[in-house]
Student: 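What follows is a structure written as structure tokens; I'll ask about it next.
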Amino acid sequence: AQKVTQAQTEISVVEKEDVTLDCVYETRDTTYYLFWYKQPPSGELVFLIRRNSFDEQNEISGRYSWNFQKSTSSFNFTITASQVVDSAVYFCALSELNRDDKIIFGKGTRLHILP
Amino acid sequence: ETGVTQSPTHLIKTRGQQVTLRCSSQSGHNTVSWYQQALGQGPQFIFQYYREEENGRGNFPPRFSGLQFPNYSSELNVNALELDDSALYLCASSMSLGSTDTQYFGPGTRLTVL
């Protein structure tokens with residue numbers, strides 16, 4: 001069965017600290033895609049990254065970085081030098097090839113960056 | 001390039017009523033997916049439309065139905081509203097079928113059922 005688990009319901013850190021959001025997924029498919037989306041208070045889901053199951057290279061985009069490890073079925077997201085504007089709910093998600101294109105979302109991690 | 005837009009922003013209905021939510025896909029996108037996000041939860045897939053045909057459906061009853069128009073905009077209809085239908089309804093569009101294309105989300109419609 002497909003499943004995405006974000007064990008951290010809520011995290012608070014002080015501005016400029018680094019923070020890692022955990023994501024563990026379950027799938028029986030060998031070809032799948034993993035995503036991270038950000039949902040600010042306005043409600044719109046903002047796309048951050050998509051990785052396919054054959055590409056385990058870590059990725060860095062500015063202050064954001066992602067660590068994909070198939071051996072542990074994890075796709076963790078790190079924000080370096082956090083800023084107040086990073087405060088939002090972050091969702092990890094999974095999509096399996098040829099499964100109606102539906103995206104399976106985790107329950108999200110609410111991140112508070114304190115000034 | 002225009003992003004995904006949804007209307008209305010907010011809506012209040014009473015139990016038993018019917019509601020129609022609208023979505024305009026991003027320019028160049030022919031696939032639209034609908035998701036329901038209950039408070040404190042992640043979005044749940046309702047269904048997807050590709051070139052005016054339903055392409056896949058999540059675990060939602062038949063009173064949730066949809067349409068896609070020739071210009072690829074879409075509607076979500078919910079009949080016989082129940083209190084549990086209160087949620088944020090998100091529409092996402094992508095360039096085509098297949099997980100290779102990223103789905104981009106609109107701002108959502110917040111539906112409250114009293």
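Throughout, protein chains are lettered first and strands after them, A, B, ... in sequence-line order, and every chain is numbered starting at 1. Source: prediction; values computed, not measured.
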Student: Heavy-atom count check: over 12 atoms from other residues, nucleotides or ligands less than 6.0 Å from Gln36(B) CD?
Tutor: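 Enclosed: over 12 neighbouring heavy atoms sit under 6.0 Å from CD of Gln36(B).
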Student: If hydrophobic clusters are built by linking Ile, Leu, Val, Met, Phe, Trp and Tyr wherever their side-chain heavy atoms come under 4.5 Å apart, do Leu21(A) and Ile49(A) end up in the same one?
Tutor: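 Yes, because Leu21(A) and Ile49(A) connect within a single hydrophobic cluster, where side-chain heavy atoms sit under 4.5 Å apart.
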Student: Nearest 0.5 angstrom please: Asn55(B) CG to Lys102(A) NZ, how far?
Tutor: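 Taking CG in Asn55(B) and NZ in Lys102(A), the distance rounds to 12.0 Å.
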Student: Report, as yes or no, whether the 6.0 Å neighbourhood of atom CZ on Arg63(A) holds more than 12 heavy atoms from other residues, nucleotides or ligands.
Tutor: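 Atom CZ in Arg63(A) is crowded, with more than 12 foreign heavy atoms closer than 6.0 Å.
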Student: Rounded at 0.5 Å granularity, tell me how far OH in Tyr35(B) sits from CG in Leu45(A).
Tutor: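 Nearest 0.5 Å value for the OH-CG distance: 9.5 Å.
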Student: Say whether Ile11(A) and Val24(A) are linked into one hydrophobic cluster, either directly or through other cluster members, by side-chain heavy-atom distances under 4.5 angstrom.
Tutor: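 No, Ile11(A) does not connect to Val24(A) through the hydrophobic network.
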Student: Got more than 12 heavy atoms from elsewhere within 6.0 Å of NZ, Lys107(A)?
Tutor: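 Not more than 12 within 6.0 Å, no.
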Student: So if you build clusters from Ile, Leu, Val, Met, Phe, Trp, Tyr with side-chain heavy-atom gaps below 4.5 Å, do Ile113(A) and Val46(A) land together?
Tutor: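 No, separate clusters.
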Student: Within residues 106-114 of chain B, which positions have a heavy-atom distance to chain A below 4.5 Å?
Tutor: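 Those residues of residues 106-114 of chain B which have a heavy atom under 4.5 Å from chain A are Gly106(B), Pro107(B).
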Student: What is the distance from atom CZ of Phe105(A) to atom CD of Gln41(B), rounded to the nearest 0.5 Å?
Tutor: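 The CD atom of Gln41(B) is 13.0 Å from CZ of Phe105(A), to the nearest 0.5 Å.
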Student: In terms of hydrophobic clustering (I, L, V, M, F, W, Y; side-chain heavy atoms under 4.5 Å; direct or indirect links), are Tyr90(A) and Leu94(A) co-clustered?
Tutor: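 Yes; Leu94(A) is reachable from Tyr90(A) via cluster members.
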Student: Give the interface residues of residues 62-73 of chain B toward chain A, defined by a heavy-atom separation under 4.5 Å.
Tutor: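 Under the 4.5 Å heavy-atom cut-off, nothing qualifies.
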Student: Count I, L, V, M, F, W, Y as connected when their side-chain heavy atoms are under 4.5 Å apart, and connections chain through other members. Are Phe47(B) and Leu21(B) then in the same cluster?
Tutor: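 The answer is yes; both residues are in one hydrophobic cluster.
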Student: Counting neighbours of CD on Glu53(B) that are heavy atoms of other residues, nucleotides or ligands and sit closer than 6.0 Å, is the number greater than 12?
Tutor: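 Incorrect, the count does not exceed 12.
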Student: Considering only heavy atoms, which portion of Tyr37(A) lies under 4.5 Å from any heavy atom of chain B: side chain, backbone, both, or neither?
Tutor: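 For Tyr37(A), side-chain heavy atoms alone lie under 4.5 Å from chain B.
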Student: Which atom names give the shortest non-hydrogen contact between Phe91(A) and Gln37(B), and what distance separates them?
Tutor: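 Smallest heavy-atom distance, with atoms named: CZ-NE2, 3.3 Å.
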Student: Measure Gln6(A) against the heavy atoms of chain B and call it side chain, backbone, both or neither at under 4.5 Å.
Tutor: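 Interface part for Gln6(A): neither.
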Student: With a 6.0 Å cut-off (strictly less than), is the heavy-atom count around CZ of Arg110(A), excluding the residue itself, greater than 12?
Tutor: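 No, the 6.0 Å shell around CZ holds no more than 12 heavy atoms from other groups.
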Student: Just checking Ile60(A): does its CD1 atom have more than 12 heavy atoms from other residues, nucleotides or ligands closer to it than 6.0 angstrom?
Tutor: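 No, the 6.0 Å shell around CD1 holds no more than 12 heavy atoms from other groups.
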Student: Indicate the atoms forming the closest heavy-atom contact of Gly43(A) with Leu88(B), along with that distance.
Tutor: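 The pair with the smallest heavy-atom distance is O-CD2, 3.9 Å.
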Student: Is it true that atom NZ of Lys16(A) has more than 12 heavy atoms of other residues, nucleotides or ligands lying nearer than 6.0 Å?
Tutor: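 Counting other residues, nucleotides and ligands, NZ of Lys16(A) stays at 12 neighbours or fewer.
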Student: Could you measure the distance from the OG1 atom of Thr102(B) to the CZ atom of Phe35(A)? Nearest 0.5 Å is fine.
Tutor: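 Output value for this atom pair is 5.5 Å.
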